[in-house]
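Worksheet: one structure, shown below.
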There are 2 protein chains.
Amino acid sequence: MDTKWWRAHLAPSVPSSMPNHPSKTSGSRSESVYSGLRRAIIEQALMPGDKLTEDVIGERFGVSRTIVRAALAKLNAEGLVDLQPNKGATIAQPSLSEAHDVFEARMCLERQVLARLAERITDRDLAMLEQHVALEAKAGAHDGPAAIRLAGEFHILLAELSGNGVLARYVDEVVSRCSLILALYSRPHSSDCSINEHQQIVDALRARDADRATKAMDHHLQAVTERALLSSNSDKHRDIRSILDRYAG
Amino acid sequence: MDTKWWRAHLAPSVPSSMPNHPSKTSGSRSESVYSGLRRAIIEQALMPGDKLTEDVIGERFGVSRTIVRAALAKLNAEGLVDLQPNKGATIAQPSLSEAHDVFEARMCLERQVLARLAERITDRDLAMLEQHVALEAKAGAHDGPAAIRLAGEFHILLAELSGNGVLARYVDEVVSRCSLILALYSRPHSSDCSINEHQQIVDALRARDADRATKAMDHHLQAVTERALLSSNSDKHRDIRSILDRYAG
DNA sequence: GCATCCATCATTGTATACAATAGGCTCGAT
DNA sequence: ATCGAGCCTATTGTATACAATGATGGATGC
């Protein structure tokens with residue numbers, strides 16, 4: 001709890017590589033905290049229910065609470081973080097009902113994405129998708145947290161290639177929230193099956209077969225949804241610090 | 001430019017009536033600024049391109065820049081406000097391409113809403129819708145800025161009645177952004193036609209006719225979309241202060 | 001032993017100070 | 001008059017101080 005910690009941490013400049021979304025809260029600092037936390041959540045390093053104390057996060061990322069606060073607000077807007085007045089932030093714990101809503105919205109959005117893609121997809125796009133699936137396969141082998149993230153990013157990539165930025169943003173959001181839902185309700189699944197299903201979607205798109213692609217997607221999401229089971233972690237006081245260090249880069 | 005203005009303004013407590021979304025940035029203060037600005041934007045009192053200076057807003061709402069900043073960040077996340085680093089916030093000016101994306105997403109989402117509603121709508125829900133349409137008709141008569149807002153709120157109400165919170169949030173967002181788009185690209189339309197079309201949608205829902213409802217909605221949105229024309233307001237330096245006062249309550 | 005109350009502490013909410021940046025403006029030179 | 005260099009001011013970015021709120025734990029009474 002020593003004060004004046006940052007002076008030491010502050011690198012002279014942090015030129016964050018690539019602003020993921022067009023929307024930015026402000027400078028690159030809160031963005032960096034935001035994306036760090038986001039990644040930690042999506043890779044399930046931070047688990048639903050974990051307390052996100054502003055001071056702790058600020059300490060680990062080398063910024064003041066002001067910045068952390070902005071990042072948390074953004075994560076809250078996305079539904080990844082619960083923010084209770086005067087009690088602070090925790091990783092969101094979607095109820096089963098919310099989970100259902102998210103999946104339904106996701107289905108609806110991704111159908112539209114595929115409909116667009118089946119019409120306008122280019123060979124270059126297909127190449128990118130193939131490459132991504134390959135990446136998934138490789139990461140999936142040694143089942144790192146990266147595999148979880150990559151599985152989601154496949155869908156985000158699809159949405160981005162659709163060319164509709166609004167759709168892309170929403171898909172990004174629902175996919176992220178699905179990570180949370182799986183963390184809460186699913187057994188530690190091997191995502192091998194996912195990869196296979198992703199490949200099928202790409203194949204259908206290559207054939208410009210909107211119908212088959214949609215079917216494949218429906219089946220895929222159905223499979224993911226049905227992994228919703230029991231489970232509930234409740235370590236009252238997990239120490240986040242060491243985890244945050246891994247994501248503060 | 002006198003400092004220490006707020007002491008005078010600060011009411012002892014501001015028990016904001018109803019938190020629109022479950023997501024809250026923090027306390028009720030930023031919420032109040034947020035919703036005030038939002039309403040001003042949606043009612044087209046604030047126009048695309050208008051500069052939103054933190055100090056000015058803070059002064060009018062009787063809060064510090066900290067609070068204003070949180071509100072602006074949230075509006076930015078919703079796509080209603082552009083936030084450029086070191087240059088501040090302006091009301092968003094969606095490009096035609098963005099406008100198209102928004103409308104496409106909106107169509108997709110609202111179809112899903114209608115599909116759900118056609119199955120599960122109750123008589124009580126229908127009554128609420130009827131009541132709302134009546135309200136629209138009344139407000140539309142003397143064409144206040146409220147009419148614009150109410151037209152949008154019809155769609156938001158539909159989404160909320162659908163029972164899917166995620167869907168509702170997204171519909172809320174795209175509908176709001178449509179206000180901006182209309183402000184930019186449409187002639188000052190009388191929304192009488194809208195009301196009529198809204199009534200048709202309600203009628204279709206009463207008959208539990210998903211198909212007819214969807215058709216009506218498609219037609220309705222089509223009509224709205226096609227009002228996209230020319231126009232561009234560019235008062236370089238509009239004075240926002242008097243407008244803000246009307247929304248600071 | 002168990003519940004209750006109060007003191008203490010940890011944490012959040014908010015205003016504000018200070019630094020950095022951007023844009024405008026004056027002034028002089030061409 | 002037009003252009004550019006350099007100050008000047010308005011505004012944003014960020015850390016921090018202080019207040020308020022909620023949790024925690026220990027002493028007290030039953």
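The chains referred to below are lettered A, B, ... by the order of the sequence lines, with proteins before strands, and numbering in each begins at 1. We use all heavy atoms of the structure for the numbers below, so side chains are in, but hydrogens, waters and symmetry mates are not.
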In whole angstrom, what separates B:Asn76's CG from D:dT12's P? 14 Å

Would you mind reading off the distance between B:Gln84 atom CD and C:dT21 atom C1', rounded to a whole angstrom? 14 Å

Integer-rounded Å distance: C:dT11 C1' and A:Ile57 CD1: 12 Å

Integer-rounded Å distance: D:dG13 C1' and A:Ile67 CD1: 7 Å

Which of the following nucleotides, C:dT14, C:dG13, C:dT11, is nearest to the side chain of B:Arg29? C:dT14

Proximal nucleotide (of D:dA15, D:dT12, C:dA15) relative to the B:Val63 side chain: C:dA15

Would you say D:dA10 has OP1 or OP2 under 4.0 Å from some side-chain N or O of B:Lys87? no

Within the 4.0 Å heavy-atom criterion, would you say B:Leu52 contacts the bases, only the backbone, or no part of the nucleic acid? sugar-phosphate

Could you give the distance from CD1 (A:Ile240) to CG (A:Leu52), rounded to the nearest 0.5 Å? 5.0 Å

Calculate the interatomic distance between A:Phe61 atom CZ and D:dA15 atom C1'; express it in whole Å. 18 Å

Under 4.0 Å: is that the gap between some side-chain N or O of A:Lys51 and OP1 or OP2 of C:dA10? no

Calculate, to the nearest 0.5 Å, the distance between atoms CD1 and OG belonging to B:Ile156 and B:Ser176 respectively. 5.0 Å

Can you tell me which nucleotide in D:dA15, C:dG13, C:dA15 comes closest to the side chain of A:Ser64? D:dA15

When all nucleic acid strands are considered with a 4.0 Å heavy-atom cut-off, which category describes A:Thr66: base, sugar-phosphate, or nothing? base

For A:His132 and A:Glu153, which I'm curious about, is there any donor-acceptor pair between the side chains at under 3.5 Å? no

How close or far is atom C1' of C:dT14 from atom CD of B:Glu54, stated in whole angstroms? 15 Å

Roughly, in whole Å, what's the span from CD in A:Glu59 to C1' in C:dT11? 14 Å

Salt bridge or not between A:Glu78 and A:Lys74? Use side-chain N to carboxylate O under 4.0 Å. no

Between A:Val56 and B:Asn86, just flag the one whose closest nucleotide in DNA chain C comes earlier from the 5' side. A:Val56

State whether the number of non-hydrogen atoms from other residues, nucleotides or ligands found under 6.0 Å of A:Met128 atom CE is greater than 12. no

Nearest-angstrom distance from the residue atom CG of A:Leu72 to P of C:dT12: 9 Å

